[in-house]
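Data first, discussion second: the structure below is written as structure tokens.
Chain naming here is simple, since letters A, B, ... match the order of the sequence lines and numbering starts at 1 in each.
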2 protein chains.
Amino acid sequence: MSKEIILDNNTEELLRKHRLSVTESRLKILNLFMDQPGALAHGDIEKKAGEKFDRVTVYRTLQTFVEKGIIHTIPTADNSVRYALCRDECSEGHHHDHHVHFICTSCDTTYCLDDVVTPELKLPKGYVAQQIEVLAKGICNECSGK
Amino acid sequence: MSKEIILDNNTEELLRKHRLSVTESRLKILNLFMDQPGALAHGDIEKKAGEKFDRVTVYRTLQTFVEKGIIHTIPTADNSVRYALCRDECSEGHHHDHHVHFICTSCDTTYCLDDVVTPELKLPKGYVAQQIEVLAKGICNECSGK
DNA sequence: TCTGATTTTGCAACAATGTTGTATTTTTGT
DNA sequence: ACAAAAATACAACATTGTTGCAAAATCAGA
Ligand SMILES: [Mn+2]
Ligand SMILES: [Mn+2]
Ligand SMILES: [Zn+2]
Ligand SMILES: [Zn+2]
């Protein structure tokens with residue numbers, strides 16, 4: 001019980017920090033992200049929280065979190081965006097998630113490899129990169145140990 | 001007229017090479033890819049060819065082309081898969097498109113930068129990468145010249 | 001703590017996107 | 001030219017995402 005209160009306090013604090021009103025659905029969805037290491041697809045969230053909340057609320061909550069810099073999107077090859085918590089550097093309208101993402105082909109978990117920075121690229125003449133996304137697919141830490 | 005026949009022969013040859021029967025829709029869609037440098041989203045193809053063909057046919061044609069190694073998919077941040085022609089190395093079930101993709105934020109064209117190979121990554125202990133996708137966003141060759 | 005303004009939610013209706021089964025048409029190899 | 005095989009169109013459906021608005025919850029100030 002006390003643990004739950006602490007968790008709620010954490011998420012509540014995070015919401016207030018980003019000047020968002022504290023609501024049940026936001027707390028619930030934010031806790032889903034806190035409670036596990038990987039990323040979540042919209043579908044995952046809808047399954048875990050959607051029984052309690054409307055589908056539209058989930059959409060709007062995720063959209064708000066992205067705009068405020070609380071979570072960021074991870075593009076995947078199968079055309080299903082996944083979401084993961086941002087680190088502290090991100091703020092409203094300014095994301096700074098310059099890290100590599102990893103999708104495990106065995107357990108299907110998506111990881112933010114926060115310590116693996118996106119590499120530099122030598123692009124052809126005339127091309128100027130503003131942002132670079134790197135998505136690695138393979139076997140994750142957990143699965144390779146087995 | 002003769003030009004059209006030459007184009008058709010090219011695409012026809014490509015289809016036969018991959019042991020696909022030559023049909024009007026496959027020729028048409030393949031020519032769409034041939035006739036322009038960038039990648040195409042499903043929506044683009046449906047607009048350009050869909051007046052003539054059923055939507056389902058477009059889906060199944062693209063799926064077939066991907067399976068046969070004629071085109072490959074490009075994951076994008078906005079959750080809309082784009083497709084582009086593969087180079088010769090790809091074959092049924094085995095894609096070898098180890099190049100960087102570039103999306104222009106100005107003209108929204110998606111390019112395969114065939115000469116920019118995906119960089120190596122130093123991943124944390126336990127993570128083994130099988131495939132790496134790199135997606136760069138910025139200003140393209142055409143747009144930066146203006 | 002009460003209250004009015006503001007924000008968020010749930011609902012409904014809708015649009016867009018993708019999937020599946022099947023009869024018909026087209027293509028292919030002989 | 002023909003029979004077998006493959007592809008297509010159509011319909012029906014499922015999933016996913018969007019929008020407007022009334023009701024409910026939250027917030028800030030008194
Ligand atoms: Mn991340
Ligand atoms: Mn490519
Ligand atoms: Zn794994
Ligand atoms: Zn451009």
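- Ring geometry for A:Y111 against B:Y127 counts as perpendicular: the plane angle is over 60°, on a 0 to 90° scale with 30° as the lower cut.
- For A:T23 and C:dT9, the shortest distance from a side-chain N or O to OP1 or OP2 is below 4.0 Å.
- The closest side-chain heavy-atom distance from B:T105 to A:Q130 is below 4.5 Å.
- Place A:R55 and A:S21 on DNA chain C by their nearest nucleotides, and A:S21 ends up nearer the 5' end.
- Among the atoms of the strands shown, none is found under 4.0 Å from any heavy atom of B:T64.
- One can place CZ of B:F53 at 16 Å from C1' of D:dC10, the figure rounded to the nearest angstrom.
- Residue side chain A:R60 reaches the base of C:dG10 through a donor-acceptor N/O pair under 3.5 Å, judged by distance alone.
- For the pair A:T57 and C:dT9, the criterion of a side-chain N or O lying under 4.0 Å from OP1 or OP2 is not met.
- Looking at which nucleotide of DNA chain C each of B:H42 and B:V22 is closest to, the 5′-most match is held by B:H42.
- Within the 3.5 Å criterion, the main-chain N or O of A:F53 finds no donor-acceptor partner in the side chain of A:T57.
- B:R19 comes within 4.0 angstrom of no nucleic acid atom, judged by non-hydrogen atoms across all strands.
- Using modelled atom types, no side-chain atom of B:H72 and backbone atom of B:V66 make a donor-acceptor pair closer than 3.5 Å.
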